[in-house]
2 protein chains.
Amino acid sequence: MNASAKPERTRLSAEDWEDAALRLIADQGVGALAVEALARQLGVTKGSFYWHFRTREALLQAALERWEQYGEKEVISQIEAMPDPRARLPELFRRVAHEIAPHRVYAALLKALDHPQVVPVMARVSQRRMEFLTTIYSEAGLSPEEALNRARLTYAAYVGFLQLNFTLGLPRISHDEFDAYVEHMIRTLTPA
Amino acid sequence: MNASAKPERTRLSAEDWEDAALRLIADQGVGALAVEALARQLGVTKGSFYWHFRTREALLQAALERWEQYGEKEVISQIEAMPDPRARLPELFRRVAHEIAPHRVYAALLKALDHPQVVPVMARVSQRRMEFLTTIYSEAGLSPEEALNRARLTYAAYVGFLQLNFTLGLPRISHDEFDAYVEHMIRTLTPA
DNA sequence: TCGATACCATACGCACGAGTATGGATGGCA
DNA sequence: TGCCATCCATACTCGTGCGTATGGTATCGA
């Protein structure tokens, strides 16, 4: 089939393995993270892997930390830079809705919450994002309690959407219909 | 530790294995469904299992079908029996929010969407529930498109909530705070 | 040019879980 | 009472994937 899609003849670094691991996680899940499979995909063998990492668990850990680092930083800062607080929410929703790629790892990790290694990472990331949402809702005029609950609701809707659409393949929604859904969501979740 | 918590000295039936499988799935996930582990938990050995089922896959299939059968039937019919359409949504939300046990299997299955066997089951169940929500929203006064989108949003919020709270253990929300969250959700998702 | 270090291949051992073979126990029914 | 079907135990095989041991090749500085 593909076998050697990457004829990279340079030597590999630990970062290369971490990136490959994240790609594999994104489209096959954490459970599919096997060292021999990864090695095959990179055109090398296990011998290479165990030079860079002590164990499979160590690779997962490194990949997760790498993902947590180079995460959503840009999106958050760009939204925060917007002058009008009321305009931030619709913009955030539309951006998130149309950039699918960055969310694929998050979606895969959501299905791996039985793995003890992913729990703390996901807890930190989700916590940070919800705090961000809470401050945005506050700045949009909600009281502290209302802002917190609305952030919880919004984030839950985001997480649920990921599950129901990319992992489960519910009756493939069309593009236009999806846009309509996003706008409906903006209307109902944004303070009047 | 526990080893033989169930001193059931009667012979086992296929249904016994299916129920045990569902219990195990509920609190350890689909990945933990191993025949020797299940046998140990039931106080027997593999020999028993392979008399009732041809394979592990067959057990999973049977357990999933069993779960799909004896599912949420009662809740739906009870809600439908309520005379006032506007009162149905708050009641549904409160019921679902306070009955955690029945949702544990669903939450576990949500994390197993890479398993080909669980996808069709989850697709059917989720589809039915969303259709139910859609009709409720219609009866509460929303237009067909609005009702459908609101149902999608509500169900996504439900699914996301399951992930963020029982599987991920986000900053343990208190009981009162949880009730406040549910009421907030009712206010924002129920048509005025 | 010549090691030394970094990177990789090959060939193992080993644990674990699915599935098979076969014989033993138990209960209902003639 | 004896027989047959049902249910279960024991003891294997086998595939898979992690980790190890050890030797080979490339690259760079002295």
Side-chain angles (χ1 to χ4, degrees), chain A residues 1 3-25 27-64 108 111-112 114-118, chain B residues 1 3-25 27-64 108 111-112 114-118:
Chain A
M1 310 305 182
S4 59
K6 304 251 172 194
E8 331 243 331
R9 279 293 130 246
T10 65
R11 321 283 273 283
L12 297 176
S13 68
E15 287 76 23
D16 293 327
W17 286 94
E18 295 168 10
D19 287 340
L22 287 175
R23 279 196 302 272
L24 202 154
I25 288 173
D27 48 63
Q28 296 193 238
V30 176
L33 186 61
V35 324
E36 308 203 41
L38 248 193
R40 207 167 19 248
Q41 185 175 318
L42 286 172
V44 292
T45 64
K46 309 168 53 160
S48 172
F49 177 83
Y50 285 99
W51 192 89
H52 295 285
F53 297 92
R54 232 173 48 77
T55 169
R56 185 204 108 117
E57 189 178 344
L59 170 66
L60 217 200
Q61 194 62 38
L64 290 175
K111 299 189 300 185
D114 24 19
H115 251 80
Q117 292 187 78
V118 320
Chain B
M1 307 308 184
S4 59
K6 305 251 173 194
E8 332 242 332
R9 278 292 131 246
T10 66
R11 319 283 273 280
L12 296 176
S13 69
E15 287 77 22
D16 292 328
W17 285 94
E18 296 167 10
D19 286 340
L22 287 175
R23 278 197 300 272
L24 201 154
I25 288 173
D27 49 64
Q28 297 194 239
V30 176
L33 185 60
V35 325
E36 308 203 36
L38 248 193
R40 209 167 16 248
Q41 185 173 318
L42 286 171
V44 292
T45 65
K46 307 168 57 157
S48 170
F49 177 83
Y50 285 99
W51 193 89
H52 297 284
F53 298 91
R54 232 174 50 76
T55 169
R56 185 204 108 117
E57 189 177 344
L59 169 67
L60 217 199
Q61 195 62 39
L64 290 174
K111 298 189 301 184
D114 25 19
H115 252 81
Q117 292 187 81
V118 320

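Protein chain A contacts DNA chain C from C:dA6 to C:dT10, reading 5' to 3' and using non-hydrogen atoms of the protein with a distance under 4.0 Å.
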**Request:** Kindly determine whether B:E57 and B:T55 satisfy side-chain hydrogen bond (donor to acceptor under 3.5 Å, both in side chains), including the steps that lead there.
**Result:** CA-CA 5 Å; B:E57 189 177 344; B:T55 169; 4.9 Å; no
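Nearer the 5' end of DNA chain D, as judged by each residue's closest nucleotide, is the contact made by A:E36, out of A:G47 and A:E36.
Nearest nucleotide to the side chain of A:R11, out of D:dC18, D:dC7, D:dT27: D:dT27.
Residues from residues 49-61 of chain B with heavy atoms under 4.0 angstrom of DNA chain C, sorted by number: B:Y50, B:T55, B:R56.
Between the CG atom in A:L42 and the CH2 atom in A:W17 there is a gap of 5.0 Å [rounded to 0.5 Å]. Distance check, rounded to the nearest 0.5 Å: NZ of B:K46 to CZ of B:R40 gives 10.5 Å. The CG atom of B:L12 lies 11.0 Å from the CG atom of B:D19; values are rounded to the nearest 0.5 Å. The line from NZ of B:K111 to CG of A:D114 is 4.0 Å long, rounded to the nearest 0.5 Å. Note that the CD atom of A:Q28 and the CZ atom of A:R23 stand 12.0 Å from one another [nearest 0.5 Å].
Rounding to whole angstrom units, CD of residue B:Q41 and C1' of D:dC8 are separated by 18 Å. Distance CH2 (A:W17) to P (D:dC18): 11 Å, rounded to an integer number of Å.
For the side-chain contact (heavy atoms from CB on, under 4.5 Å) with A:V30, the lone residue among A:L64, A:L24, A:L60 that qualifies is A:L60.
In this structure a side-chain-to-backbone donor-acceptor pair under 3.5 Å is missing from B:H52 to B:D16.
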